Number of protein chains: 2
Amino acid sequence: MAVVFSRACEYALRGLIVMAKAKDREVWRVPDVAEESNSPAPFLAKTFQQLVKGGILNSSKGRRGGFSFARPIDEIFLIDIVNILDGQRLTYDCALGMPDCHDENPCPFHVHWRRIRQPLIDALSEESLAQMAKK
Amino acid sequence: MAVVFSRACEYALRGLIVMAKAKDREVWRVPDVAEESNSPAPFLAKTFQQLVKGGILNSSKGRRGGFSFARPIDEIFLIDIVNILDGQRLTYDCALGMPDCHDENPCPFHVHWRRIRQPLIDALSEESLAQMAKK
DNA sequence: ACAAAAAAAGACAAAAGTATCTAAAAGTCC
DNA sequence: GGACTTTTAGATACTTTTGTCTTTTTTTGT
């Protein structure tokens, strides 16, 4: 088990940040992103396909092909990527795995988890790839 | 992938809270805890064995046997359980999976994760099973 | 002593997540 | 058009986690 994101999401975030950092380069081949982000290339390729479907990336085949951002990187927020790859697990589900836990019927840890999850959602929602690339 | 804790940890926390809620009952059989916490009994049994080794629970075999708390439930904190079952994953590792990420060499998400992880550690450290049982 | 009941331990099975490989489709360059 | 390059898609394999089953050990009650 990874820390907070799935491995796929970790690799994607790392890869996208690498891409975002290189302002001059527009199109990236998977092996290059994989190498620079220390991710397994075939697995990252699969993940990037999901991001294409999710509207984060564009892809083009052939000799000068590769992946590029589908919109400006200051309009791509971490939450967009996490939602596509990890779904609502982190942003919605009960930390103790109780299926009918919600605000009106909270599990014993609900109030704590809410207090922690919200700042996480806020950070992911406010932080763009452009900002991440500056660090 | 579970939300923040492993499944084993989720089941354990739920089970221990069930036990903590019943102030009159001292010794619990695994099938009873499993039933009341909606956990798979054999898996929970394994997990409870880890908690015995970790000093959270006592166990006794035989006819009147079962599991009981090794110390008062207001001295058992959630962090104790999480540390035994999930290790330092949540409390130490890099959110982006970068092996040499730390305060002096932070990954781009480091400062955010730090701000989120610390309140989580605090909550887990301050909240005892006794307090959880009251909710 | 004996039978029953419980945890302990280890083997085993299933599921999910992670990772690789191969063939196909599509685009580029000559 | 043909060789090459890249993503796409699907199959496959590996690993970890989750879950079950069986046997053994220990204790209790009769």
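Here is how names work: the chains are called A, B, and so on, in the same order as the sequence lines, proteins then strands, and each is numbered from 1. Please read these numbers as outputs of a predicted model, since none were measured by experiment.
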Point to revise | Any B:R29 side-chain nitrogen or oxygen under 4.0 Å from OP1 or OP2 of C:dA6 | key: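 It does, given that an N or O in the side chain of B:R29 lies less than 4.0 Å from OP1 or OP2 of C:dA6.
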Spacing between [X] atom [atom1] and [N] atom [atom2], to the nearest angstrom:
{"X": "B:K53", "N": "C:dA8", "atom1": "NZ", "atom2": "P", "answer": "9 Å"}
{"X": "A:W28", "N": "D:dT6", "atom1": "CH2", "atom2": "P", "answer": "14 Å"}
{"X": "B:K61", "N": "C:dA4", "atom1": "NZ", "atom2": "P", "answer": "19 Å"}
{"X": "A:Y11", "N": "C:dT18", "atom1": "OH", "atom2": "C1'", "answer": "7 Å"}
{"X": "B:L85", "N": "D:dT17", "atom1": "CG", "atom2": "P", "answer": "13 Å"}
{"X": "B:R89", "N": "C:dG17", "atom1": "CZ", "atom2": "P", "answer": "14 Å"}
{"X": "A:R64", "N": "D:dT5", "atom1": "CZ", "atom2": "P", "answer": "12 Å"}
{"X": "B:Q50", "N": "D:dG19", "atom1": "CD", "atom2": "P", "answer": "14 Å"}

Review point. Can you tell which of C:dG17, C:dT20, D:dT20 lies closest to the side chain of B:F43?
Key: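 Between C:dG17, C:dT20, D:dT20, the one nearest the side chain of B:F43 would be D:dT20.
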Point to revise | Closest to side chain of A:R63, choosing from D:dT7, D:dT5, C:dA7 | key: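 Comparing D:dT7, D:dT5, C:dA7 against the side chain of A:R63, the answer is D:dT5.
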Side-chain ([X]) to main-chain ([Y]) donor-acceptor, under 3.5 angstrom:
{"X": "B:D80", "Y": "B:F77", "answer": "yes"}
{"X": "B:R89", "Y": "A:V3", "answer": "yes"}
{"X": "B:D74", "Y": "B:A130", "answer": "no"}

Review point. With side chains defined as the heavy atoms from C-beta onward, is the minimum distance between A:F109 and B:L78 less than 4.5 Å?
Key: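 Counting from C-beta outward, A:F109 and B:L78 do come under 4.5 Å.
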Check your understanding: If we only count heavy atoms from C-beta on, is the B:V18 to B:D32 side-chain gap below 4.5 Å?
Key ->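 SC-SC contact between B:V18 and B:D32 ruled out.
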Review point. When the nearest nucleotide of DNA chain D is assigned to A:Q49 and to B:S6 on a heavy-atom basis, which residue is associated with the more 5' position?
Key: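 In this pair, the answer is A:Q49.
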Review point. 5'-most contact on DNA chain D: B:A41 or A:V52, nearest heavy atom basis?
Key: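 Per heavy-atom nearest nucleotide, the more 5' residue is A:V52.
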**Study point:** Residue met sooner reading DNA chain C from 5', once B:P31 and A:G65 are mapped to nucleotides
**Key:**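 The answer here is B:P31.
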Point to revise | Position toward the 5' end of DNA chain C (nearest nucleotide), A:S60 or A:P42 | key: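 It is A:P42, whose closest nucleotide lies nearer the 5' terminus.
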Exercise for review: Remember a base hit wins even if backbone is also touched, and classify A:F67 as base, sugar-phosphate or nothing at under 4.0 Å, heavy atoms.
Suggested key: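 The answer is sugar-phosphate, as A:F67 gets under 4.0 Å only of primed atoms, P, OP1 or OP2.
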